[in-house]
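Beneath this line is the structure, given in structure tokens, with notes to follow.
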Amino acid sequence: MLKNKYLQGVYDTVLIRNPGESEFHQAVFEVLESLEPFINRNPEFETNGVIEAFVEPERLLIFRVPWIDDSGRMRVNRGFRVQFNSAIGPYKGGIRFHPSVNVSVIKFLGFEQVLKNSLTTLPMGGGKGGSDFDPKGKSEAEIMRFCQSFMTELWRHIGANTDVPAGDIGVGAREVGYMFGQYKRLANSFEGGVITGKGISYGGSLGRTEATGYGLCYFTQEMLSQMKGDSFEGKTVVISGSGNVAVHACEKARQLGAKVVAMSDSGGYVYDPNGINVDIMKDIKLKRRARITTYADEVKTATYTPDCRKIWSVKCDIALPCATQNEIDRDSAEQLIANGVKVVSEGANMPCNMEATKAFLNAGVLFGPAKAANAGGVAVSGLEMTQNSMRLSWTFEDVDANLHGIMKSIFNNISSAAREYSAETDLVTGANIAGFLKVSEAMLAQGVV
Ligand code: NDP
């Protein structure tokens with residue numbers, strides 16, 4: 001239950017309007033809870049209705065995605081796009097291909113994206129999309145046909161000034177390339193700014209592939225330095241996942257002087273007391289698209305455990321969950337705390353459930369919430385859109401320096417909101433209030449939007 005009666009009423013309406021959508025309920029509850037101190041000081045927000053509009057997506061699209069498999073049989077998946085909020089810019093957010101994708105997952109991701117994009121300081125609204133299509137085990141040709149069919153419906157709803165998708169779980173440069181190619185054929189127009197995460201040869205930005213993982217480490221470094229006078233140097237790190245975000249977080253954490261001792265995929269985790277060799281991991285997971293157990297087959301110092309949740313039993317100073325939502329529950333959080341974890345920073349979206357987040361905050365663990373800590377990816381997507389508009393390409397160093405600056409300003413912005421409305425260490429409240437302030441101001445300024 002929320003303490004504030006008005007906010008509880010808003011939440012009750014969300015429950016009634018969106019039955020059974022547990023991930024969406026969870027994301028909304030966390031944000032409304034954070035807004036309590038803000039509402040108590042700004043009672044006009046109980047009467048102006050903006051919070052009720054804020055939790056209701058502007059538009060939700062659900063569509064059929066038929067495609068032909070290699071045996072010539074028709075398969076059918078379901079496609080989604082939520083265009084959640086366009087108050088501060090065109091809808092912007094990734095596309096996820098994973099069997100767990102449904103309306104609830106897409107709405108939670110879209111809602112979080114609105115706040116995240118607001119924090120980046122760039123003019124981007126929030127959206128998210130995806131499909132319950134499972135890319136695992138599909139041939140290159142099947143992936144291409146699926147992406148083309150997905151875009152055959154989506155293209156009429158997006159545009160550089162309307163809605164700009166990107167990648168997420170199961171969608172990397174390969175899938176973005178196929179979707180962009182199909183958009184170009186249908187629109188008969190080369191519009192680079194219609195999708196981000198593109199290949200470098202056709203309008204992508206240097207540094208976009210690395211941006212979420214690198215940005216996560218820049219944010220965490222800022223937390224460590226400003227809140228504890230500390231750094232990554234000499235720390236032991238555990239990272240869940242081994243996809244785009246996880247692998248680049250591993251690379252940057254190592255560059256900053258830490259040792260990453262464990263990583264996972266949905267099948268299990270590997271532990272390497274000598275430190276994960278990121279080049280081997282990249283080759284296995286990003287190039288060969290093999291299972292993580294291959295790492296233990298090829299690196300003699302590593303061992304494999306076939307249960308990905310057990311990764312949180314590995315002792316570490318810093319935990320970076322970079323796989324998926326709700327991967328750390330209260331039990332895993334308590335195990336990490338008992339083992340002396342000092343920092344948890346979220347690379348994935350909502351990887352810690354509410355009980356886990358509270359356990360970390362109560363135990364005095366530095367906690368970096370996803371909408372701030374993993375905002376580097378969409379920030380560089382914003383920079384990709386800028387380069388596309390200017391018809392210019394910046395160097396890797398320019399993009400990386402820009403990313404570093406953005407992650408620092410996100411930290412400063414949310415920690416000052418945390419100090420003003422809660423406690424300095426409560427970056428969850430800080431991120432939710434700081435993100436909400438900008439969007440709600442724009443919504444009110446534009447009238448009924
Ligand atoms: P990838 O598809 O590249 O990698 C996902 C990784 O997570 C894989 O190792 C995958 O293992 C693992 N995983 C997926 N589902 C589960 C599950 N149910 N249980 C355990 N492990 C799982 O995705 P990304 O790295 O791009 O995304 C990871 C997270 O980061 C997501 O939450 C995403 O929303 C978030 N994010 C991504 C951004 C980006 O720029 N890519 C930007 C901001 C946030 P397996 O190979 O076995 O499936």
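Ligands are counted one by one from 1 in listed order, and the atoms in each one are counted from 1 as well. Values below: every heavy atom of this structure, side chains too, minus hydrogens, waters and symmetry copies.
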Do D265 and C308 come close enough that some side-chain heavy atom pair is under 4.5 Å?
no
Per-atom contacts, ligand 1 versus R208 - under 4.0 Å to a heavy atom
40 (O)
Which residue from S240, A348, A323, G215 reaches closest to atom 28 (C) of ligand 1 through any of its heavy atoms?
A323
Quick one: do E142 and R75 make a salt bridge, cutoff under 4.0 Å?
no
Full working for salt bridge (charged side-chain N to carboxylate O under 4.0 Å, His left out) between K92 and D163
CA-CA 6 Å; K92 176 91 195 86; D163 183 359; over 6 Å; no
Atom 18 (N) of ligand 1: closest protein heavy atom, distance to 0.1 Å, is T324 CG2, 3.6 Å
Nearest-contact summary for atom 48 (O) of ligand 1 - protein heavy atom, Å
K136 NZ, 2.9 Å
Nearest non-hydrogen protein atom, atom 27 (O) of ligand 1
I169 CG1, 3.6 Å
Do K235 and D230 sit within salt-bridge range, that is, some charged N less than 4.0 Å from a carboxylate O?
yes
Could you list the atoms of ligand 1 found under 4.0 angstrom from a heavy atom of H98?
15 (N)
Is a salt bridge present between K184 and E191, judged by a nitrogen-to-oxygen distance below 4.0 Å?
no
Taking only residues two or more places apart in sequence, or in another chain, which ones meet Y218 in a ring-ring contact (aromatic ring centres under 6.0 Å, His included)?
H404
Please confirm whether M350 comes under 4.0 Å of ligand 1, counting heavy atoms of the residue only.
no
Subset of ligand 1 atoms that lie under 4.0 Å from at least one heavy atom of K285
46 (O)
Heavy-atom side-chain contact between M179 and Q148 under 4.5 Å
no
Looking only at heavy atoms, is any part of A166 under 4.0 Å from ligand 1, and if so is it the side chain, the backbone, or both, or is it neither?
neither
Do the side chains of K107 and E21 get close enough for a salt bridge, i.e. N-O under 4.0 angstrom?
yes
Logged contact type for R96 with ligand 1, heavy-atom cut-off 4.0 Å, is side chain
Kindly confirm or rule out an N or O of N349 lying under 3.5 angstrom from an N or O of ligand 1.
yes
Taking 4.0 angstrom as the limit, do R78 and D132 come out as a salt bridge?
no
Considering only heavy atoms, which of G167, G170, P135 lies nearest to atom 2 (O) of ligand 1?
G170
Tell me the nearest of A249, S266, A211, G94 to atom 45 (P) of ligand 1, using heavy-atom distances.
S266
Have a look at ligand 1 and work out which part of E327, if any, has a heavy atom under 4.0 Å from it: side chain, backbone, both or neither.
neither
For atom 9 (O) of ligand 1, what's the nearest protein heavy-atom neighbour? Residue, atom name and distance, please.
S242 N, 2.9 Å
With a cut-off of 4.0 Å, which atoms of ligand 1 are near a heavy atom of G347?
30 (O), 35 (C), 44 (C)
The atoms of ligand 1 lying under 4.0 Å from a heavy atom of C322, numbered in the order shown, are 28 (C), 29 (C)
Are any of the N or O atoms of T212 closer than 3.5 Å to those of ligand 1?
yes
shortest atom 6 (C) of ligand 1-to-protein heavy-atom contact is with G243 N, 4.0 Å
Flag the pair E112 and K371 as a salt bridge only when some basic side-chain nitrogen lies within less than 4.0 angstrom of an acidic carboxylate oxygen.
yes
In terms of residue, atom name and distance, what is the protein heavy atom nearest to atom 3 (O) of ligand 1?
N244 N, 2.9 Å
If we only count heavy atoms from C-beta on, is the N349 to K116 side-chain gap below 4.5 Å?
yes
K128/D168 ion pair, N-O < 4.0 Å
yes
Heavy-atom distance to atom 46 (O) of ligand 1: which of R291, E210, M263 wins?
R291
Within ligand 1, which atoms have a heavy atom of G241 less than 4.0 Å away?
9 (O)
Heavy-atom nearest neighbour in the protein, as seen from atom 33 (C) of ligand 1, with distance rounded to 0.1 Å
D168 OD1, 3.2 Å
Nearest-contact summary for atom 24 (P) of ligand 1 - protein heavy atom, Å
V245 CG2, 3.9 Å
Checking ring-ring contact (aromatic ring centres under 6.0 Å, His included) between F150 and each of F80, W67, F97, F133, which is the one that passes?
F97
E175 with R96: basic N within carboxylate O range, under 4.0 Å:
no
